[in-house]
Trainee: 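Got a structure for you, questions after.
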Amino acid sequence: MNVARPRRPRLVAGNWKMNKTVPEAEALARALVERAAQRPAAQVLLCPPFTALGAVRGLLAQSPLMLGAQNLHPEASGSYTGEVSGPMLITAGCRWVIVGHSERRQLLGEDDALVARKLRAALRAELTPIVCVGETLAERERDETVKVLERQVGIAFEGLDRAAACASVIAYEPVWAIGTGRVATAAQAVSAHRRIRATLDRVIGAGIGGDVTILYGGSVSPSNAAELFAEHEIDGALVGGASLDAGSFWSIVEAA
Ligand code: PGA
């Protein structure tokens, strides 16, 4: 008999990146809080820039919308000018943090070892990490997608226990799809998600992969969200560009 697994919770996260001044962030948060009054079926997370966390936190107080940051430093405190730590984010009202986004890997030199330290720092601070993985276009063309995903997931999660893995979320974000308007096909995303789950089974323990929430990210928009979310493998989305407009972000939330 085919026993259906309980579905993993649906999550739609908006990564605002380096966009929105404080007043702009407040306006977007207000517009989303208004829409959230109808209680969306999916969990919804907003990740504004650090400077807007305080203002957005105040606006989200009575709503189901959750607050997260886009990055953290691996240490809890110290002489790291310009950096922000996990304990700081928790006391700023965040429950989530994005770790190892490809823009940080590519533009700011974050390697797999640093991403692994940040993942542990997030878990220590009791933040839910969203660990981003994904291949570049050159890697896909060289047929290295599987190798890249296994390496990124393997190094990030090696040595963690089941509880830590299940307290984490992974976002599969093919670098060639981010901000390009070129979304991965549902089949490409499903195959990557399966590989990520298999890697978790190998490095942490059998069955773990199926319990971890895996988001797809890269040019998710109101026009392609429903097709992606129709796949059981795809537990939600990490949305960049389309999260900057309340209407388009909310259409994605409603599709989830
Ligand atoms: P995009 O960005 O939706 O603008 O492609 C996604 C991301 O970088 O998380």
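Note: hydrogens, waters and symmetry copies are ignored here, and every other heavy atom, side chains too, is used. Just so you know, ligand 1 is whichever comes first in the structure, and atom 1 is the first atom listed for that ligand. For reference, positions follow the sequence shown, starting with 1.
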Trainee: Against D235, only a single residue in R8, H193, R10 fulfils side-chain hydrogen bond (donor to acceptor under 3.5 Å, both in side chains); can you say which?
Mentor: R8

Trainee: Between L53 and P48, is any pair of side-chain heavy atoms under 4.5 Å apart?
Mentor: yes

Trainee: With the threshold set at 4.0 Å, does a side-chain nitrogen-carboxylate oxygen contact exist between E233 and R197?
Mentor: yes

Trainee: Between G240 and ligand 1, is there a nitrogen or oxygen pair with a distance under 3.5 Å?
Mentor: yes

Trainee: Applying a strict 4.0 Å limit to heavy atoms, is S219 in contact with ligand 1?
Mentor: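 Yes.
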
Trainee: Hey, which atoms in ligand 1 end up nearer than 4.0 Å to a heavy atom of N15?
Mentor: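 It comes down to these atoms of ligand 1: 9 (O).
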
Trainee: What part of I178 sits under 4.0 Å from ligand 1 if we count only heavy atoms: the side chain, the backbone, both or neither?
Mentor: both

Trainee: In ligand 1, which numbered atoms sit nearer than 4.0 Å to a non-hydrogen atom of G179?
Mentor: 1 (P), 4 (O), 5 (O)

Trainee: Can you sort out which atoms of ligand 1 are near H101, meaning under 4.0 Å from one of its heavy atoms?
Mentor: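 Contacts of ligand 1 toward H101, numbered from 1: 7 (C), 8 (O), 9 (O).
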
Trainee: Atoms of ligand 1 less than 4.0 Å from G218 heavy atoms?
Mentor: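 The list of qualifying atoms is 5 (O).
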
Trainee: Give the minimum heavy-atom separation between A184 and Y216, together with the two atoms involved.
Mentor: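 Scanning both residues completely, I find the closest heavy atoms to be N-OH, 3.0 Å.
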
Trainee: Is A242 close enough to touch ligand 1? Criterion: a residue heavy atom under 4.0 Å from a ligand atom.
Mentor: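 It does not, in that no heavy atom of A242 comes within the 4.0 Å cut-off of ligand 1.
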
Trainee: Looking at ligand 1, does any of its N/O atoms fall within less than 3.5 Å of an N/O of G217?
Mentor: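 Checking ligand 1 against G217, no N or O pair falls under 3.5 Å apart.
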
Trainee: Measuring from atom 4 (O) of ligand 1, which candidate in S102, G241, S221, G181 has the nearest non-hydrogen atom?
Mentor: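 Minimum heavy-atom distance to atom 4 (O) of ligand 1 goes to G241.
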
Trainee: Is the closest heavy atom of A177 to ligand 1 under 4.0 Å?
Mentor: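 A177 counts as a contact of ligand 1 under the 4.0 Å cut-off.
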
Trainee: Do K118 and N71 come close enough that some side-chain heavy atom pair is under 4.5 Å?
Mentor: yes

Trainee: Looking at K17, Q70, H101, which hits side-chain contact (heavy atoms from CB on, under 4.5 Å) with C47?
Mentor: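 When K17, Q70, H101 are each tested with C47, the side-chain contact (heavy atoms from CB on, under 4.5 Å) holds only for Q70.
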
Trainee: Is it true that E135 and W176 share a donor-acceptor pair across their side chains at a distance under 3.5 Å?
Mentor: yes

Trainee: Show your reasoning for whether side-chain contact (heavy atoms from CB on, under 4.5 Å) applies to L89 and V84.
Mentor: CA-CA 7 Å; L89 294 177; V84 172; 3.6 Å; yes

Trainee: Give the single entry among E103, R182, E173, Q70 that approaches atom 9 (O) of ligand 1 most closely by any heavy atom.
Mentor: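 Among E103, R182, E173, Q70, the closest heavy atom to atom 9 (O) of ligand 1 belongs to E173.
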
Trainee: Starting from atom 2 (O) of ligand 1, locate the nearest protein heavy atom and write down its residue, its atom name and how far away it is, to 0.1 Å.
Mentor: K17 NZ, 3.2 Å

Trainee: Could you go step by step and tell me if R30 and E34 meet the side-chain contact (heavy atoms from CB on, under 4.5 Å) rule?
Mentor: CA-CA 6 Å; R30 266 196 205 95; E34 219 167 89; 5.8 Å; no

